[in-house]
Amino acid sequence: MATKTQDLHILFFPYMAPGHILPMINMAKLFANRGVRTTILTTPANTSIVKPIISNSPIELALIPFPSAAAGLPEGCENLSSVPSTNLIPYFLRAVVMLSEPFDQILKELHPNITIIDGFFPWTIDITSKLGITQLVFYGTGFFPVCLIDSIEKYKPHETLPDETKSFLVPGIPHRIELLKTQVLDTSKTNKERQEFFNKVRDADKRSYGVVMNTFYELEPDYVEHYRTVIGRRAWHIGPVSLYSEDMIKSTTTTSTDRNHECLSWLDGKESGSVLYVCFGSLSTFRGEQILEIALGLEASNHAFILVVPKPVERDENMDWMPEGFEGRINIEGKKGFIIRGWAPQLLILNHKAVGGFMTHCGWNSTLEGVCAGLPMITWPLFADQFYNEKLVVDVLKIGVAVGMKEHVLKPEDRPLIHGMEIERAVNCVMGVGEEAEAMRKRARELGEMAKSAVMVDGSSYTELTRLISELSALHQ
Ligand code: UDP
């Protein structure tokens, strides 16, 4: 039984996707910095992500075998971002459920007294409850999107709308948030298997001890309160986790490969605040035609940019969708752009002084990282909680401009095309001159300062973490 902080042993088990693994490693680091014993559980192929980041820390690593072949996946395919086609995603989900037996075994061997487990592993709650281990849940999202999801599921305001073009106000939440029917993440409209999955997630959530959120109070104070009082769940805001550490950016999730990336020396030669960074996260794929429109829009805007080229859908794989002569024009004549194919050192780019704006798909981590860097954003949501995160950025915080994507569509080939002209307009709004753009930049800078203050000693997230650790220690005395 634990009698003090040092006797707590927390096992972190992130979902196998960059947007879940990276924040959980940072979270484990911040508990470890407070003297808590921490272990990260992941699969063998994901150690290549985890190991370089935890190398100089006391965090322990435990492995759980991933049944890729048994589930019908290619050998070594152990991360959602490496699933070769959307058709294989159900196989990945099946493999994840097959982890339950080895998970049970690992808990019996490691004896953690607390687990912080990804909300997408709802089957773990039966095992931790049986073993008497306290389970906390981590969703990799914020209070605002969770409150919107809760309200929409409870009141179903979109269901009574006559057609897809109509909008509704999200009921019972602190702000006036208007959404189109097509922007709703409607889990009841998915297939039976997915509906059952979401039901299990809800059930596991209720049975867990509480929720740990990667966010900070000042970003969404009304929604922290709403979540606790109206939804009535225990929750702790301990983020932005990417900011925790003495040398914030360098020693968090960046590696030496990140720090030596060529784009950083390219940025060194650019004027302060002049470059737009464009990245759609680790999972998004786009139609080739859409990639072409992005390139055209960026070029027409005449602002400097770094473009992390999204993966094209399978059938376009062998085709380069950049406009003819594009790379030559942007690289040689005027050095307007830098193209990255593959993994970008996002935290380092966002925090480079030359970067003045961020075009993002509004994944929660990217959104928060943009906020921390004090940047205004161009929002381009695609699926999951991203349309709700866009509302937070554009309507509540007023630090962004929407590119105009209005349909929550999973398959990239079914998504409406955003034309180059719309992209150019949004880029000019955020990167251009004028009172409105300047006011938006100022608000973004102020929020960035608040994020940094939140994680400093006596800041809101720092204090919240102290409170959480004390509560967990007391539970296990
Ligand atoms: N990321 C990165 N380089 C890339 C793409 C993504 O470092 O080229 C990181 C990004 O900084 C963020 C995470 O991967 O921490 C993506 O998480 P997010 O929630 O934004 O989106 P997801 O990938 O889950 O859709």
Side-chain angles (χ1 to χ4, degrees), residues 15 17-23 80-81 83 86 89 139-142 144-145 148-149 179-180 182-185 214 240 242 276-295 297-298 305-313 321 339-347 349-350 355 357-373 375-395 397 399-419 422-423 426-427 430 444:
Y15 200 80
H20 294 241
I21 294 181
L22 297 175
L80 196 55
S81 66
V83 177
T86 42
I89 288 178
Y139 286 113
T141 189
F144 180 84
L148 261 61
I149 291 170
L179 279 169
L180 284 166
T182 50
Q183 292 171 312
V184 171
L185 164 63
N214 177 19
S242 64
L276 175 75
Y277 171 60
V278 182
C279 181
F280 300 95
S282 63
L283 303 173
S284 316
T285 46
F286 276 66
R287 273 197 288 162
E289 291 92 325
Q290 186 58 80
I291 299 175
L292 177 71
E293 291 296 324
I294 292 171
L298 290 175
F305 62 87
I306 290 182
L307 169 62
V308 185
V309 183
K311 283 178 257 172
V313 284
W321 284 96
I339 306 284
I340 299 178
R341 293 172 200 274
W343 193 251
Q346 176 156 310
L347 281 178
I349 295 174
L350 288 175
V355 174
F358 181 18
M359 184 185 288
T360 172
H361 71 310
C362 300
W364 184 255
N365 296 292
S366 294
T367 305
L368 207 53
E369 289 162 13
V371 165
C372 292
L375 294 174
M377 294 179 238
I378 296 166
T379 56
W380 188 324
L382 301 166
F383 51 83
D385 56 352
Q386 298 159 13
F387 284 89
Y388 305 151
N389 301 341
E390 171 181 67
K391 289 283 163 190
L392 176 67
V393 169
V394 176
D395 294 352
L397 304 172
I399 56 163
V401 167
V403 80
M405 172 54 78
K406 295 198 162 56
E407 288 183 42
H408 183 293
V409 182
L410 268 184
K411 284 197 169 165
E413 36 297 37
D414 299 338
R415 267 183 223 138
L417 197 67
I418 302 284
H419 292 280
E422 296 163 73
I423 297 164
V427 175
V430 165

Taking all non-hydrogen atoms of both residues into account, name the closest pair between Val394 and Ala402 and its distance.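 In terms of heavy atoms, the two residues are closest at CG2-N, 4.1 Å.
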CD of Glu390 to CD1 of Ile378, rounded to nearest 0.5 Å, is 12.0 Å
Got a second to check how far Leu417's CG is from Arg287's CZ, nearest 0.5 Å?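 The distance works out to 5.0 Å.
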Side chains of Val309 and Ile340: closer than 4.5 Å at any heavy-atom pair?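 They are not in side-chain contact.
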Could you go through the side-chain contact (heavy atoms from CB on, under 4.5 Å) check for Val371 and Met377 one step at a time? CA-CA 9 Å; Val371 165; Met377 294 179 238; 3.8 Å; yes
Closest contact, heavy atoms only, Pro23 versus Pro18: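 So the minimum-distance heavy-atom pair works out to CD-O, 3.8 Å.
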Quick one, Asn214 and Leu368 - any side-chain contact, counting heavy atoms below 4.5 Å?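 They are in side-chain contact.
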Would Arg415 and Phe286 count as a cation-pi pair here, with the cationic atom under 6.0 angstrom from the ring centre and within 45° of the axis?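 That pair qualifies as a cation-pi contact.
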Taking all non-hydrogen atoms of both residues into account, name the closest pair between Thr285 and Pro412 and its distance.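 That closest heavy-atom pairing would be OG1-CG, 3.1 Å.
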For Ser366 and Cys362, indicate whether the former's side chain and the latter's backbone hold a donor-acceptor pair under 3.5 Å.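 Between the backbone of Cys362 and the side chain of Ser366 there is no qualifying donor-acceptor contact (under 3.5 Å).
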Going through the checks in order, is the side-chain contact (heavy atoms from CB on, under 4.5 Å) test met by Val401 and Thr379? CA-CA 6 Å; Val401 167; Thr379 56; over 6 Å; no
Contact summary for Ser282 and Ser81, nearest pair of heavy atoms: O-CB, 3.6 Å
Is there a side-chain contact between Thr360 and Gln386, using heavy atoms and a 4.5 Å cut-off? no
Once the angle between the rings of Phe387 and His408 is folded into 0 to 90°, is it parallel (under 30°), tilted (30 to 60°) or perpendicular (over 60°)?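 Phe387 and His408: tilted rings.
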What one should report as the nearest heavy-atom pair of Ala344 and Val308 is CB-CG2, 3.6 Å
Please enumerate all residues that pass side chain to side chain contact (heavy atoms under 4.5 Å, CB included) together with Asp385, with sequence neighbours excluded.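 With neighbours one apart ignored, the set is Thr141, Pro145, Trp364, Asn389.
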Side chains of Ile294 and Trp380: closer than 4.5 Å at any heavy-atom pair? yes
Heavy-atom side-chain proximity of Leu350 to Phe358 below 4.5 angstrom: yes
Distance from Leu298 atom CG to Ile306 atom CD1, nearest 0.5 Å?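 One finds 11.5 Å between CG of Leu298 and CD1 of Ile306.
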Going from OG1 on Thr86 to CG on Leu283, what distance comes out if it is rounded to the nearest 0.5 angstrom?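 Rounded to the nearest 0.5 Å, the OG1-CG separation comes out at 12.0 Å.
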Can you confirm whether Val409 sits close enough to Phe383 that some side-chain heavy atom of one is under 4.5 Å from a side-chain heavy atom of the other?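 No, side chains not in contact.
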Measuring from Ile349:CD1 to Leu375:CG, what's the distance to the nearest 0.5 Å? 11.5 Å
Step through it carefully: locate the ring centre of His361, locate the ring centre of Phe280, and say whether they are under 6.0 Å apart.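 Distance test on ring centres: not under 6.0 Å, no.
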Taking the side chain as everything from C-beta on, heavy atoms only, tell me whether Cys279 gets closer than 4.5 Å to Gln346. yes
Determine, step by step, whether Ser242 and Leu347 satisfy the side-chain contact (heavy atoms from CB on, under 4.5 Å) criterion, reporting the C-alpha distance in whole Å, the side-chain angles of both residues, the deciding distance to 0.1 Å, and the verdict. CA-CA 9 Å; Ser242 64; Leu347 281 178; 4.3 Å; yes
Sequence-distant partners of Phe305, ring-ring contact (aromatic ring centres under 6.0 Å, His included), two or more places apart: none
Distance alone, cut at 3.5 Å: any donor-acceptor contact between the side chains of Gln183 and Tyr388?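 No, no side-chain donor-acceptor pair sits under 3.5 Å.
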Kindly compute the distance separating NE2 (His419) from CD (Glu289), expressed to the nearest 0.5 Å. 11.0 Å
Let's go through His20 and Tyr139 carefully: what are the C-alpha distance in whole Å and the side-chain angles of both, what is the deciding distance for side-chain contact (heavy atoms from CB on, under 4.5 Å) to 0.1 Å, and is it a yes or a no? CA-CA 8 Å; His20 294 241; Tyr139 286 113; over 6 Å; no
By side chain to side chain contact (heavy atoms under 4.5 Å, CB included), which residues pair with Thr182, not counting sequence neighbours? Glu164, Leu180, Glu407
Asn365 versus Gly19, closest heavy-atom pair with distance: ND2-O, 2.7 Å
For Lys406, I'd like to know if atom NZ has over 12 heavy atoms of other residues, nucleotides or ligands within 6.0 Å. no
